[in-house]
*Asks:* 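Sharing a structure with you now.
Because the structure is predicted, anything quoted here is derived from the model rather than measured.
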Amino acid sequence: MAVLKRLLIVLGLAITPLLVGLLFTYDIIKIEWISFMEIQPSFRTQEDPLPLPARSVPVQGAAYIPELGAPTNPVPADEASLQRGKTQYEINCQICHGATGRGNGPFAVFLQPRKPVSLLEGRPVTLSDGELFMTITNGVEGAMPSLIQNLPEPQMRWDVVNYVRSLQKQANP
Ligand code: HEC
């Protein structure tokens, strides 16, 4: 009897620390060790990105700084630019704004409630090159999609701006 009792005590002494240890290893009792990888100044999936440090400049250049207003057009409207712009316009804009920019593309009838505007009159004519560029980049909330993913290089969007300008000149000589 005495032997059995001693055996139980020894087993108890051996198993109890094991059980207590398991409580921690399986996070039943959770300790926020400061060495955990997730406790660090990074952001996880679905979290907002960290705010930009003050006075930092994006590597893609000034055209992307949101509060600085519209950029100026760095791409001369030469023959090559207009040709590239025409190609991109036909791929990305024509379906809504139409081949000549009148806002009568084949997809326009399906758009509700805001129809594609004519690019040849009114606001699109008075917008600066930079504002056109930003419209293509960001789209129009609730009406026109942002096209930055279709035209990722800034030059592609400037080419389209130049081409839209040439359409406007043809329409209002
Ligand atoms: C899916 C259809 C669609 C495509 C594609 C599209 N647009 Fe638009 N766009 C619209 C609609 C709709 C509006 C009208 C927005 C409104 O009601 O204010 C618009 C408005 C505009 C305006 C006027 C913005 C303003 O501030 O008045 C410009 C300029 C313009 N689009 C240029 C373009 C160019 C350039 C492309 C191609 C790179 C393009 N759009 C592609 C649907 C489209």
*Asks:* I need the Ser128 OG to Met134 CE distance, nearest 0.5 Å.
*Replies:* 10.0 Å
*Asks:* Backbone N or O of Val109 within a donor-acceptor pair of the Lys115 side chain at under 3.5 Å?
*Replies:* yes
*Asks:* Of all heavy-atom pairs between Gly12 and Thr16, which one has the smallest distance, and what is that distance?
*Replies:* O-OG1, 2.5 Å
*Asks:* Can you establish whether the number of heavy atoms outside Arg102 located under 6.0 Å from its atom CZ is more than 12?
*Replies:*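 12 or below, so no.
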*Asks:* Would you mind reporting whether Arg84 and Gln155 have side-chain heavy atoms less than 4.5 Å apart?
*Replies:* yes
*Asks:* Would you sort out whether Ser81 and Asp159 count as a side chain to side chain donor-acceptor pair (under 3.5 Å), showing the intermediate values?
*Replies:* CA-CA 5 Å; Ser81 168; Asp159 288 338; 2.8 Å; yes
*Asks:* Quick one: does Val160's side chain get under 4.5 Å of Phe133's, heavy atoms only?
*Replies:*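 Not in contact.
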*Asks:* Checking Asn162 against Asn73 for the side chain to side chain contact (heavy atoms under 4.5 Å, CB included) test, could you report, in this order, the C-alpha distance in whole Å, the side-chain angles of both residues, the deciding distance, and whether it holds?
*Replies:* CA-CA 9 Å; Asn162 287 338; Asn73 188 347; 2.9 Å; yes
*Asks:* I need the Leu8 CG to Leu11 CG distance, nearest 0.5 Å.
*Replies:* 6.5 Å
*Asks:* Is any side-chain heavy atom of Leu119 closer than 4.5 Å to a side-chain heavy atom of Leu167?
*Replies:*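 Answer no - side chains too far apart.
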*Asks:* Can Val75 be reached from Ile91 by stepping across I, L, V, M, F, W or Y side chains whose heavy atoms are under 4.5 Å apart?
*Replies:*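 No.
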*Asks:* If two hydrophobic side chains count as joined below 4.5 Å and joins carry through other members, does Val20 share a cluster with Ile28?
*Replies:* yes
*Asks:* Please report the shortest heavy-atom distance between Leu147 and Met144, naming the atom on each side.
*Replies:*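 Closest approach of Leu147 to Met144: CD1-CE, 4.1 Å.
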*Asks:* Is any side-chain heavy atom of Pro116 less than 4.5 Å from a side-chain heavy atom of Leu111?
*Replies:*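 Counting from C-beta outward, Pro116 and Leu111 do come under 4.5 Å.
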*Asks:* Measure the spacing between CD1 of Ile136 and CH2 of Trp158 and express it to the nearest 0.5 Å.
*Replies:* 8.5 Å
*Asks:* Indicate yes or no: at least one non-hydrogen side-chain atom of Thr135 is less than 4.5 angstrom from one of Leu127.
*Replies:* yes
*Asks:* Kindly say whether Thr137 contributes a backbone atom to a donor-acceptor pair with the side chain of Ser146 at under 3.5 angstrom?
*Replies:*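 It does hold such a pair.
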*Asks:* Given 3.5 Å as the limit, does a donor-acceptor pair link the side chain of Arg157 with the main chain of Leu151, or not?
*Replies:*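 Side chain of Arg157 to backbone of Leu151: a pair is present.
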*Asks:* How far does CD1 of Ile29 sit from CG of Leu23, to the nearest 0.5 angstrom?
*Replies:* 4.5 Å
*Asks:* Taking atom NZ as the centre, does Lys86 end up with more than 12 heavy-atom neighbours from other residues, nucleotides or ligands that are less than 6.0 angstrom away?
*Replies:* no
*Asks:* In terms of hydrophobic clustering (I, L, V, M, F, W, Y; side-chain heavy atoms under 4.5 Å; direct or indirect links), are Phe24 and Leu22 co-clustered?
*Replies:* yes
*Asks:* Please list, one pair per line, the donor and acceptor atoms closer than 3.5 Å that link side chains of residues 92-100 to other protein atoms, with sequence neighbours excluded.
*Replies:*
from, atom 1, to, atom 2, distance (Å)
Asn92, OD1, Asn150, ND2, 3.0
Asn92, ND2, Gln88, O, 3.1
Asn92, ND2, Gln88, OE1, 3.1
His97, ND1, Val117, O, 2.9

*Asks:* Measuring from Leu132:CG to Gln168:CD, what's the distance to the nearest 0.5 Å?
*Replies:*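 Those atoms lie 6.5 Å apart.
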